[in-house]
Structure formats: structure tokens, C-alpha cells
Enquirer: 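Supplied in C-alpha cells, the structure appears directly below.
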Amino acid sequence: MPADNQEPKERKSLDERHRMSELERLRHSCAHVMATAIARLWPDAQFAAGPPVDTGFYYDVELEHRIAPEDFAAIEAEMKKEIKANHPFERLTVTRAQAVADAQRGRLGALADRPVSSKFKLGNLEDIPEGEEITYYRSGDFVDLCAGPHVLRTGNIGAFKLTSVASAYYKGDERNPQLQRIYGTAFKNKTQLEEWLKLQEEARQRDHRKIGAEMGLYVIDTEFTGPGMPLWLPKGAVIVEELEKLAKETEFAAGYVRVKTPHLAKEKMYRTSGHLPYYAESMFPPMVLAEEGGGRVGEAAQAPVTRSATEGEPPVERADSTSGLRTEPTRYYLKAMNCPHHHRIFAAEPRSYRDLPLRLAEYGCCYRYEQSGELLGLMRVRSLNMNDAHIYCTEDQFAAEFNAVNQMYLQYFKIFGIEKYVMRFSTHGQAGLGKKYVDEPELWLKTEAMVRRVLDQSGINFVEVPDEAAFYGPKIDVQVWSVIGREFTLATNQVDFAVPAKFGLVYRDRDNTDKTPLCIHRAPLGTHERFIGFLIEHYAGNFPLWLAPDQVRVLPVTEAQLDYARGIVNELRGEQVRAELEFSSDKLMGRIQRAEQARVHHILVVGQREQDAQSVAVRIHGRGQQGVQPRAEVVADILAAIRQRRA
RNA sequence: GCCAGCAUAGCUCAGUGGCAGAGCAACGGUUUUGUAAACCGUCGGUCGUCGGUUCGAAUCCGACUGCUGGCUCCA
């Protein structure tokens with residue numbers, strides 16, 4: 001997740017700004033120092049905004065010269081001079097007229113007057129509401145329009161480092177010019193900076209793309225399969241299957257029933273669900289088939305299909321016209337979500353209130369056309385297997401069902417050792433009604449209140465975020481933190497009060513009238529892709545026994561123990577344990593290193609002593625030797641650890 | 001999709017206009033082994049693709065594809 005994606009929609013009040021932590025204040029000050037240095041090297045630089053972020057700070061700048069990492073040393077050298085000079089940060093209050101005049105003289109975000117205006121600063125001034133105080137901060141020659149706050153003097157910036165250069169749109173709007181965004185970080189002292197750099201390095205070492213390749217979990221074959229469509233290799237597929245097993249057991253116990261649905265559906269499906277007008281851009285372009293009977297691939301599909309095929313308003317669907325004479329082509333879409341399919345399963349039979357809640361579960365494979373620049377290893381993909389389920393229930397059942405879903409989340413968190421999480425409860429925004437959100441103002445408020453009540457009562461850790469809901473109802477995004485503190489959005493939960501009605505879903509109630517059920521969309525394990533990506537980084541590839549692709553490797557010391565070793569392997573495999581024998585020409589040391597590097601969970605060494613005593617020498621990956629134990633005990637312990645999904 | 005950077009053997013990387021390289025992996029052999037690498041040898045690349053400049057291109061230029069870091073987006 002980008003570190004600075006919490007940029008608020010609403011402008012921060014001065015009061016909120018002044019609540020900056022000490023570290024943020026230091027980092028923001030460092031951004032000014034960096035801007036000073038850049039202005040010295042390239043006086044025509046035009047600065048936009050330079051706030052602190054989670055990992056440090058950035059400043060957006062427009063500049064003919066393309067700043068590259070090779071330039072960092074020069075910029076940092078200038079910054080050091082500024083820090084050594086120990087300029088005070090002076091705060092000046094000015095009138096709007098004064099600020100506009102200074103900006104027109106190019107004096108803001110600059111070292112001196114310039115022949116061109118400080119155009120982005122002028123733009124920023126426009127955003128400052130009437131009546132709000134306008135302030136400058138001056139450090140040495142550098143004067144900037146800035147609400148502050150800052151540290152007292154440039155010398156208070158203890159240690160800093162420029163980290164990367166990227167690009168960003170002015171004010172985050174893609175219609176605005178793209179600026180160069182220079183990232184850096186700063187700390188009170190050198191020790192803290194070095195600790196942070198070490199942590200960054202550790203995070204890089206844990207990157208799921210790196211470990212995924214090392215362990216042979218998956219590949220992305222961009223040339224033949226396509227970008228964003230991982231192929232699970234045997235060792236990765238093991239993890240996929242273990243997760244599915246966990247989900248199936250958990251959902252079975254919670255009263256879910258499983259269904260299976262195809263990967264394609266007719267256009268009518270997504271037109272009815274309402275997804276098409278909202279989300280056509282995020283779906284793969286349709287396949288066009290000649291109408292029923294022929295089944296032949298139509299002309300349109302033989303021509304190269306481009307994204308523009310779905311741009312604008314797609315042609316009106318007439319395939320279901322009752323004339324029966326016309327042969328309109330039928331458009332099929334790869335499914336981007338499972339819900340409409342499940343809705344049709346709900347509709348497949350008459351439903352009674354006695355059937356509710358009906359919980360339909362499926363590990364459904366969906367396809368989403370994510371923009372090329374957003375694909376990221378397993379984290380952002382185009383083909384995804386969702387731990388999906390839809391719970392159809394009455395309003396009276398909602399609280400209990402929704403709470404049970406949350407409890408399931410907590411149960412999973414415990415299994416995976418996820419200690420830090422937060423549920424982001426996204427509600428609708430008034431302004432988006434009828435556009436971003438279905439136009440049902442009262443239903444929105446009612447549903448949101450129901451969700452809020454359940455969350456409040458269950459003691460779940462949540463925050464409420466306005467104007468981020470799904471189009472059909474409020475949404476709960478589940479953010480979790482891996483053991484090293486990286487943040488992930490693992491799953492999304494939604495309450496849907498709109499789409500069941502679009503599909504005409506009803507159940508016959510006690511009073512013999514038809515009513516529309518509520519639908520809860522939930523996916524506690526998210527998608528295999530993202531969840532396994534998270535787990536790789538969470539465990540640094542050192543999976544618990546039940547998930548480890550290689551659970552046990554038995555190493556006979558010499559050929560004389562080959563049969564004994566084989567016996568152990570066969571016994572374990574008979575119990576469905578992923579055990580293998582390794583007897584190559586390598587020395588024992590070499591075989592142990594190989595097993596450690598492959599992250600084999602249990603390494604069982606058997607020499608003559610062990611064979612004679614019917615024992616094994618146990619070594620656990622990353623934890624070293626565990627001593628010699630009776631064979632039967634070791635086997636029993638392995639089976640128990642797997643069965644209990646012990647951490 | 002946008003901005004920038006990158007693309008050399010399965011992996012990690014060296015090679016700045018003049019014969020395509022190393023380590024690991026793989027394969028073959030020797031070695032029969034007691035807790036993180038035994039030894040010898042062999043194989044392996046149209047230097048991402050296409051085009052241009054040049055006597056000559058991995059190297060310089062352009063386009064495309066993909067990846068990386070961000071931005072926008074994320075049902």
C-alpha cells in the first residue's frame with residue numbers, strides 16, 4: 001500500500017495541521033530543506049506541496065531537469081549545508097494580497113524573486129478558505145507558503161536520506177500536470193535512521209516476489225499467460241489447497257453450503273447487477289458470439305479486441321427480445337465478481353423464510369482488467385481466486401450473521417498470528433447518490449446504522465471512513481499488518497441492499513408475501529493471490545508446518561540407514577504428510593544447508609545411532625537442532641501440529 | 001492509463017563501439033558422508049522484440065513489450 005494514500009478528501013483544518021507529531025514536524029521541515037537545496041541547484045524549480053508521510057516526506061516539484069537517484073548526492077550535500085547553517089524557521093503571517101503578490105513575483109517556494117510566478121503556490125492559495133490565516137515559513141533565503149508547523153531550526157534535523165523519485169499529479173488530479181515527487185526520510189538521529197534503513201532492507205528481503213521465486217511458489221509468464229495472471233507451481237499450489245481446506249472446514253462448520261459457477265456470463269448478468277455501467281473499464285472486454293444455434297465466433301471477436309470496445313455506453317442489449325427472429329450477437333464477459341452468479345443460484349428455486357439465512361460459498365475465479373501500472377506480483381493481479389460467499393438473510397437476521405462473519409475473521413487472524421488489524425468501515429457520501437452510489441438515501445442510512453451497531457457491540461477494532469462505500473452498500477475493508485509491520489488490505493466485506501432487488505430475488509415470508517433479502521458479501525481470506533502474498537511476507541517464507549510446501553525431509557547419514565529413512569517417509573506420507581527422502585552424493589552438511597535454504601520445516605537426520613534406537617534427530621527450519629527423540633513421538637507430534645494448524 | 005528507471009544463461013550479476021563472462025543451479029563422474037556448501041568436468045545466451053546509426057552494436061538512437069518505483073484506480 002502506498003504510504004501516503006490517506007490524503008484526506010476534505011482539506012485539513014489549521015488546527016489539525018498543528019497536531020503534527022514531533023517526528024512529522026521534523027520531516028516536514030526536512031522537506032523544506034530539500035526544496036531549498038533543489039532551488040539552489042535548479043532555481044527554476046516550481047514547488048507544489050511537501051507534506052510528511054508515514055515513511056518520511058516528499059516534495060512535489062516541476063522541473064525541466066529529470067531528477068534521478070544520481071542527483072541525490074548533490075542535493076543531499078546542499079541540504080547538509082542548510083542544516084549546518086542552522087537557520088531558524090521563521091513564521092510570518094501575511095495578507096492574501098501580499099501572498100498573491102509574492103507568488104506572482106515567483107518568491108514562494110524559492111530563494112529569491114523570479115521572472116515567473118510560483119504557479120502551484122498560487123493554486124494552493126486559492127484553496128485556502130477566506131478568513132483562514134495565511135502564513136509563510138522562512139529558513140535562510142528560502143520562503144515558502146506553509147501552514148507549518150516546523151522545528152525551531154534547520155539544525156534540529158538529525159539525520160535524513162533521500163530515498164526515491166516518482167511522479168504525481170498536482171493535487172492528485174490526473175487532469176493536472178505531472179510533477180516529480182522526491183521522497184526522503186528523516187529522523188531525530190543517525191541511529192534511528194539506520195534502524196529504519198535496516199528494516200527497509202529486511203522488508204525487501206521478505207518481498208513476496210523474491211521469496212516466491214526462491215521457493216518456487218508461482219511464476220507470472222507474461223509472454224504466454226499474460227501479465228497479472230500467476231501460474232501456481234506445485235509448491236504454491238500446496239498452499240492454495242491448504243487454505244481452501246481451512247476455508248471449507250470453517251465454512252462448513254458455520255453452516256455455509258458450497259456452489260460452483262462458470263467463469264463467463266452473458267452481458268445481461270452484469271447489466272442487471274448494475275456492474276457494467278459502473279465498472280466496464282475494470283472488466284476484460286467481452287467475447288462476441290453469434291446468436292444461439294450457430295455458436296460461431298462472430299466477426300467482432302475475430303477482429304483485434306481493444307479496450308475501446310467497452311468505452312462509452314455499450315449498445316443496448318436486445319438478445320432477449322421475444323421476436324426470436326433476429327440474430328443479435330451475444331456478448332459474454334469473464335466474471336469480475338461472483339455475486340451475480342450466486343444471486344442466480346438464489347433465484348433458481350423458490351425460497352422460503354425458513355431457508356434463510358442461506359450462505360452460498362465458493363472459491364470463485366474472477367478476472368479483472370487492472371491497469372498495467374497497478375499490477376504487483378501476487379498483490380494486484382488480473383486473475384484472482386476469491387474466498388467468496390454471499391449470505392442472504394432477513395433484516396432480523398442481519399446482526400447475528402454479520403457478527404458471525406466478523407468472528408470468523410478473528411478466528412482466522414488467530415490462526416495466522418495476525419495481531420494488528422483494523423476494519424475500515426466505508427460509508428456513502430451524500431453527493432455521490434445516484435452516481436457513485438445507488439440512489440436510496442434512506443436504505444443507506446439504515447444499513448450503515450445496522451453495521452455500526454454490530455461493530456460497536458462486538459468490540460471489533462474499526463474506523464469509519466466516509467464516501468468510500470461500494471455502489472450497492474457500505475463496505476468494510478480489512479487492513480492487517482504483517483509481523484514486520486507492513487500494511488495490507490486483505491479482504492473486503494460488503495452489505496448489499498440493492499442488487500438482490502435488481503435480480504428480483506425474493507423469499508416468501510411468514511405472512512405469505514414476497515420480500516427481498518439482504519445480502520452480505522464476505523471474503524475473510526481475500527483472494528488466494530493476495531492472501532498468499534501477504535503470508536509469504538508475514539512469515540518471510542517460513543510457513544508453519546501445516547502450510548509449509550515441504551513439511552518433512554529425512555536425511556539418512558549413510559546408505560546403511562536408507563531403509564530406515566524410507567520407512568519413516570512412507571509412514572508420514574501414509575498420513576498425508578508432505579515428506580521426502582534425500583540421499584544424494586552431498587555430504588550431510590550440504591544436504592542440511594540445502595534443506596534449510598529450501599525452508600523445509602522438519603529436517604530429520606537418521607544415522608546408525610538413531611536407527612538402533614528407533615529414534616530421529618530433529619532439526620526445525622530456522623530453529624536449529626531439537627535433539628534426538630523417539631520416532632513414534634516425532635511422528636505423533638508432526639501429525640498433531642498439522643491437525644491443529646499450530647503456528 | 002500517466003511519469004521515471006530498468007531488461008545480459010534457470011537465479012544473482014560483471015561486461016560503455018572490436019571474439020559473450022563469473023558464481024550458484026542443472027547434467028556427468030569421483031566421494032559414502034553426523035547438523036548451514038566435498039572434488040573434477042560438461043551443458044547452457046540471436047544480450048526482451050523490431051527498426052535505425054556505424055566498417056563493426058549487448059554497448060549509441062527510436063518504437064514496442066514487460067518489469068520496478070510512484071501517481072490515478074481498486075466492485
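The sequence lines fix the lettering, A, B, ..., with proteins before strands; numbering per chain opens at 1.
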Enquirer: In the structure shown, which nucleotide is the Watson-Crick or G-U wobble counterpart of B:U32, with both distances under 3.5 Å?
Expert: none
Enquirer: Which base, if any, makes a Watson-Crick or G-U wobble pair with B:A57, both distances under 3.5 Å?
Expert: none
Enquirer: Looking only at atom P, what distance separates B:A57 and B:A20, rounded to whole Å?
Expert: 11 Å
Enquirer: Can you tell me how the ring of A:His342 sits relative to the ring of A:His390, calling it parallel under 30°, perpendicular over 60° and tilted otherwise?
Expert: perpendicular
Enquirer: Could you tell me how far apart A:Arg204 (CZ) and B:U12 (P) are, to the nearest whole angstrom?
Expert: 15 Å
Enquirer: What is the ring orientation for A:Tyr170 with A:Phe120, classed by angle as parallel under 30°, tilted 30 to 60°, or perpendicular over 60°?
Expert: tilted
Enquirer: Measuring only the P atom in each nucleotide, how far is B:A7 from B:U12? A whole number of Å is fine.
Expert: 13 Å
Enquirer: Restricting to nitrogen or oxygen on both sides, can you table the protein-nucleotides 43-51 of chain B pairs closer than 3.5 Å?
Expert:
none

Enquirer: What I want to check is whether the side chains of A:Asn385 and A:Thr527 have a donor and an acceptor closer together than 3.5 Å.
Expert: no
Enquirer: Please figure out whether A:Gln178 or A:Glu374 has its closest RNA chain B nucleotide nearer the 5' end.
Expert: A:Gln178
Enquirer: A:Glu468 has an atom CD; how far is it from atom P of B:U72, in whole Å?
Expert: 12 Å
Enquirer: Examine the base of B:C74 for any acceptor or donor lying under 3.5 Å from a partner atom in the side chain of A:Arg380, and report the outcome as yes or no.
Expert: yes
Enquirer: Say we look at B:U35 and B:C40: how far apart would their P atoms be, to the nearest angstrom?
Expert: 23 Å
Enquirer: What are the two closest non-hydrogen atoms of A:Ala265 and A:Tyr270, and how far apart are they?
Expert: CB-OH, 3.6 Å
Enquirer: Within this structure, what is the NZ-to-P distance between A:Lys475 and B:C73, rounded to whole angstrom?
Expert: 12 Å
Enquirer: Between B:C47 and B:G17, how far apart are the C1' atoms? Round to whole Å, please.
Expert: 15 Å
Enquirer: Considering only atom P, compute the distance from B:A9 to B:G48 and round it to an integer number of Å.
Expert: 8 Å
Enquirer: Keeping to residues at least two apart or across chains, list the salt bridge (charged side-chain N to carboxylate O under 4.0 Å, His left out) pairs with something in residues 600-615 of chain A.
Expert: none
Enquirer: So which protein N/O to nucleotides 31-36 of chain B N/O distances come out below 3.5 Å?
Expert:
| unit_1 | atom_1 | unit_2 | atom_2 | d |
| --- | --- | --- | --- | --- |
| B:U33 | O2' | A:Leu588 | N | 3.4 |
| B:U33 | O4 | A:Ser584 | O | 3.2 |
| B:G34 | O6 | A:Gln608 | N | 2.8 |
| B:G34 | O6 | A:Arg609 | N | 3.4 |
| B:G34 | N1 | A:Glu610 | OE1 | 2.9 |
| B:G34 | N2 | A:Glu610 | OE1 | 3.1 |
| B:G34 | N2 | A:Glu610 | OE2 | 2.5 |
| B:U35 | O2' | A:Arg619 | NH1 | 3.2 |
| B:U35 | O2' | A:Gln625 | NE2 | 2.6 |
| B:U35 | O2 | A:Arg619 | NH1 | 3.2 |
| B:A36 | O3' | A:Gln593 | OE1 | 2.7 |
| B:A36 | N7 | A:Arg619 | NH2 | 3.0 |
| B:A36 | N6 | A:Glu596 | OE1 | 3.3 |

Enquirer: Within this structure, what is the NE2-to-P distance between A:His343 and B:A75, rounded to whole angstrom?
Expert: 16 Å
Enquirer: Please give, in whole Å, the distance from B:G10 C1' to A:Asp221 CG?
Expert: 14 Å
Enquirer: Without decimals, in angstroms, what is the distance between A:Ile182 CD1 and B:C71 C1'?
Expert: 14 Å
Enquirer: Across the strands shown, which category fits A:Tyr169 at heavy-atom distances under 4.0 angstrom: base, sugar-phosphate, nothing?
Expert: base
Enquirer: Can you tell me the pairing partner of B:C43 across any strand shown, Watson-Crick or G-U wobble, with both distances under 3.5 angstrom?
Expert: none
Enquirer: Taking B:U30 as the reference, what is the distance to B:G45 when you measure between their C1' atoms (whole Å, please)?
Expert: 30 Å
Enquirer: Would you mind reading off the distance between A:Tyr472 atom OH and B:A75 atom P, rounded to a whole angstrom?
Expert: 8 Å
Enquirer: Once side-chain hydrogen bond (donor to acceptor under 3.5 Å, both in side chains) is applied, do any residues pair with A:Tyr367, and if so which ones, sequence neighbours excluded?
Expert: A:His263
Enquirer: Distance check needed: B:C74 C1' versus A:Glu487 CD, whole Å only.
Expert: 15 Å
Enquirer: Taking all heavy atoms of A:Val451 and all of A:Pro474, pick out the closest pair and write down the distance.
Expert: CG2-CG, 4.4 Å
Enquirer: What are the two closest heavy atoms between A:Leu375 and A:Pro227, and how far apart are they?
Expert: CD1-CB, 3.8 Å
Enquirer: Which atoms of nucleotides 62-69 of chain B (N or O only) lie under 3.5 Å from a protein N or O atom, and what are those distances?
Expert:
| unit_1 | atom_1 | unit_2 | atom_2 | d |
| --- | --- | --- | --- | --- |
| B:U68 | OP1 | A:Arg209 | NH1 | 3.0 |
| B:G69 | OP1 | A:Arg209 | NH1 | 3.4 |
| B:G69 | OP1 | A:Arg209 | NH2 | 2.8 |
| B:G69 | OP2 | A:Arg209 | NH1 | 3.4 |

Enquirer: Partners of A:Arg204 by side-chain contact (heavy atoms from CB on, under 4.5 Å), sequence neighbours excluded?
Expert: A:Glu201
Enquirer: For A:Lys171 and A:Gly123, indicate whether the former's side chain and the latter's backbone hold a donor-acceptor pair under 3.5 Å.
Expert: yes
Enquirer: Would you indicate which nucleotide in B:A75, B:C73, B:G70 comes nearest to any side-chain atom of A:Gln371?
Expert: B:C73
Enquirer: Spell out, as yes or no, whether a donor-acceptor pair under 3.5 Å connects the side chain of A:Arg368 to the backbone of A:Ala336.
Expert: yes
Enquirer: Could you tell me how far B:C50 sits from B:U65 if I compare only their C1' atoms? Round to whole Å.
Expert: 10 Å
Enquirer: Hey, are A:Gln561 and A:Gln611 close enough side-chain-wise for a donor-acceptor pair under 3.5 Å?
Expert: no
Enquirer: P atom, B:G41 versus B:A37: distance in rounded Å?
Expert: 22 Å
Enquirer: Using ring centroids (six-membered ring only for Trp), state whether A:Tyr279 and A:Phe471 fall under 6.0 Å.
Expert: yes
